[in-house]
Every structure is written in structure tokens, then in C-alpha cells.
Protein chains: 2
Amino acid sequence: MPSLPGFTCGLDATLRVVSGKWKPLIIYFLAQEGPIRYGELRRAVRDVSDKMLIQHLKELEADELVKRTDFREIPPRVEYSLTPLGRSLAEALVPLCNWGVENMVEVKRVFEQRQAGDAKGR
Amino acid sequence: MPSLPGFTCGLDATLRVVSGKWKPLIIYFLAQEGPIRYGELRRAVRDVSDKMLIQHLKELEADELVKRTDFREIPPRVEYSLTPLGRSLAEALVPLCNWGVENMVEVKRVFEQRQAGDAKGR
DNA sequence: CCGCATCCAATCTGATACTG
DNA sequence: CAGTATCAGATTGGATGCGG
């Protein structure tokens, strides 16, 4: 019952580090854009708030998937990039991304249905 | 800001259907075990409660990733299995699973560090 | 520009107990 | 066996405002 690192399987282990509303997206953009500044990342991951972005970035940093580089300039300049571990995870994310592209029409359809249903019934 | 089905990318679309604490695990086990009864699935996905399992199963069913078969017997017998769409998603999940296996030692290590830190500071 | 702190709302999660 | 109901607590989410 405690979150002991007793993983039931590989997927379980992976989920511990990518669970978070925006984390996969963050990793995905970092993989695409390379080192990227905070503000740019914030714009790339649309709709994310400062709070969540920073929070997730810190966790990803603690999990050694993301590297933070503070240039200590005025005005501040901070860049984020993936560590080797993060890059390998990004690659594992590619098929999921492709799946989304290939099935976007279908996903969109079921989603619209679901929302129509949620609106009244449930 | 509303959850319009205006996906920013494929990954975004994918995340809409697999977001949920146990969903990837559920899909993973369904892919491995084929049609599986409710109770068995519950034991496979360790630590999940009835409430969450049912809730996620219903959503996955609504998203057309999972098929529910009720044999209408007494005592009840219900089997869950993946739809073709679900199976394709399961395949996209395989690399993530492998990533976890390959990096489990590292993930475990950073996780233990994090928890030690959480315990006091934060 | 980058980020932290605070407050508050919404959502999610899980134990427990109960039903057909 | 396969769920459902309820309720409390945890977690997440975001708007706003401030600070180096």
C-alpha cells in the first residue's frame, strides 16, 4: 500500500516518472526542440500554468530526466533539456505519439460522444 | 481552455484516452492475458480498488478501447478484452514497458532519493 | 524573464459497506 | 462474482500577485 519501489512490471516503473498531466508533453517538446527556454516551453505546452510547469519540471529534474541550466544573466535565462535518460524515454514515447496521429479522427469522435453523454446523463 | 478536441499533436490525443492512474496498466494486462474476468484483472492490477477499476473500465469502454462481455450467468461472469483499437494502443505501449524494464534500477534509485527528500524538507 | 507563494476550486482516489 | 454507493481525504489545477 505504500509506494514502495516494488514495481509490478516495467510499465509500472515508467508510469511513476511520467505520471503528471503535462509530463509526457514536456518530454516530447524537449525532445523536439532541444534546449529550450522556459518561456518558449510554456508556450509550446499550451494551456499549462506556471505552477504546473514548474512543478513538473522540478519533478522531472529530480527524476533525472531533465536538465536545468541557469545562465545567471540579467534578465534571467534558463534552458531546459533532456538528459540521456530523458532522451531514451522520449524515444519510447514516439509510438504513442504516432498512435495519436493515426487514430486522431477516431479518438476525436469518441470524445465528442462522451462529452455529449456527460453533459446530461451521468 | 475548454477540453475542445483540438489536439495540439498526436501525443495529446493519445493522452486523452490513457490518462488515468491505472489505465495503461489495465490495457497492458488485457493485451497480455486476452479476455480476462473482472476478478482476475483486479488481482493483476495490484492495489487498484473496485471503484477505480470499474470507473476506468467504463471510460475505456466508452472510448472504444475495451470490450465488456457479460455472460449473464449466476454467479455473474464478465470478461474484458481489447478492441482492435485497444490492441493497437497496447502495441504502442510496449516501448514504454521496455523502457521501464531497462531502466528500473535507475528509476528505483531516483525514487528512493526523492522519497527520502520528501519525508523531511518540502 | 523566470519563477515562487497563496488561496481556493475541482478532480481524483480509496476505504468501507452494501446489493443482486 | 461483479459490481454500486457513500463519504472523507489527497492531489491537482489554476488565477493572481509578488520578487530577484
Side-chain angles (χ1 to χ4, degrees), chain A residues 1-4 12 15-26 29-30 33 35-62 66-81 114-115 118-119 121-122, chain B residues 1-4 12 15-26 29-30 33 35-62 66-81 114-115 118-119 121-122:
Chain A
M1 163 196 134
S3 48
L4 299 169
D12 192 9
L15 292 175
R16 307 281 178 120
V17 296
V18 291
S19 284
K21 190 170 183 183
W22 311 96
K23 282 186 188 177
L25 250 20
I26 291 170
F29 282 118
L30 287 180
E33 316 279 335
I36 183 178
R37 296 187 63 173
Y38 176 84
E40 206 178 341
L41 182 59
R42 194 183 186 302
R43 281 186 294 278
V45 185
R46 301 209 313 153
D47 295 335
V48 72
S49 63
D50 278 327
K51 181 187 171 183
M52 293 314 300
L53 184 53
I54 287 291
Q55 182 181 312
H56 281 161
L57 282 172
K58 282 192 172 174
E59 289 173 6
L60 291 170
E61 203 189 339
V66 162
K67 184 170 182 298
R68 177 181 184 275
T69 308
D70 186 343
F71 289 89
R72 302 191 155 282
E73 296 177 357
I74 306 278
R77 184 158 73 99
V78 177
E79 283 187 356
Y80 290 91
S81 59
R114 260 228 277 166
Q115 292 189 318
D118 287 354
R122 289 221 123 179
Chain B
M1 163 196 131
S3 48
L4 300 168
D12 191 9
L15 292 175
R16 307 281 178 121
V17 295
V18 292
S19 283
K21 191 170 182 181
W22 311 96
K23 282 186 187 177
L25 248 20
I26 290 171
F29 281 117
L30 288 180
E33 316 279 335
I36 184 178
R37 296 187 60 172
Y38 176 84
E40 205 177 341
L41 182 58
R42 193 185 187 300
R43 281 186 294 278
V45 184
R46 301 211 311 154
D47 296 335
V48 73
S49 64
D50 278 327
K51 182 187 170 182
M52 292 314 301
L53 183 53
I54 288 291
Q55 183 181 311
H56 282 161
L57 282 172
K58 283 191 173 174
E59 290 173 5
L60 290 170
E61 203 190 340
V66 163
K67 183 170 182 297
R68 177 181 183 275
T69 308
D70 186 342
F71 289 89
R72 303 191 153 280
E73 298 175 357
I74 306 277
R77 185 158 73 99
V78 176
E79 283 187 355
Y80 290 90
S81 58
R114 261 229 275 167
Q115 291 188 320
D118 287 355
R122 293 219 125 179

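Below, read A as the first sequence line, B as the second, and so on, with proteins coming before strands; counting in each chain starts at 1.
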Length of the CZ-P vector between B:Arg42 and D:dC1, whole Å: 11 Å
Taking every non-hydrogen atom, the tightest pair across B:Arg42 and B:Asp50: NE-OD1, 2.6 Å
Contact state string [nucleotides 2-8 of chain C, B base, S sugar-phosphate only, - no protein heavy atom under 4.0 Å]: SBS--B-
Between C1' of C:dC1 and CZ of A:Arg72, the distance in whole Å: 15 Å
Nearest heavy-atom neighbours spanning B:His56 and B:Ile26: CB-CD1, 3.7 Å
Point-to-point distance, once rounded to the nearest 0.5 Å, from CG of B:Leu41 to CG of B:Leu25: 9.5 Å
Side chain to side chain contact (heavy atoms under 4.5 Å, CB included) involving A:Val78 - partner list, sequence neighbours excluded: A:Arg68, A:Asp70, A:Tyr80
Separation of C:dT13 C1' from A:Leu15 CG (nearest whole Å): 16 Å
Interatomic distance where CD belongs to B:Glu61 and C1' belongs to D:dG3 [whole Å]: 13 Å
Partners passing side chain to side chain contact (heavy atoms under 4.5 Å, CB included) against A:Ser19 (at least two apart in sequence or in another chain): A:Leu15
d(NZ, B:Lys21; P, C:dT11) in whole Å: 19 Å
Interatomic distance, A:Arg46 CZ vs D:dG14 P [rounded to whole Å]: 14 Å
Distance, rounded to the nearest Å, where B:Met52 contributes CE and C:dA15 contributes C1': 13 Å
A:Arg43: partners by side chain to side chain donor-acceptor pair (under 3.5 Å), with sequence neighbours left out: none
A:Phe29 vs A:Val45 side-chain heavy atoms within contact, under 4.5 Å: yes
Under the side chain to side chain contact (heavy atoms under 4.5 Å, CB included) test, residues paired with A:Pro35 that sit two or more places apart: A:Glu79, A:Ser81
Dot-bracket encoding per residue of DNA chain D, Watson-Crick/G-U cut-off under 3.5 Å, | denoting interstrand: ||||||||||||||||||.|
Sub-4.5 Å side-chain heavy-atom contact between B:Glu61 and B:Leu57: no
Interatomic distance, B:Glu73 CD vs D:dC1 C1' [rounded to whole Å]: 11 Å
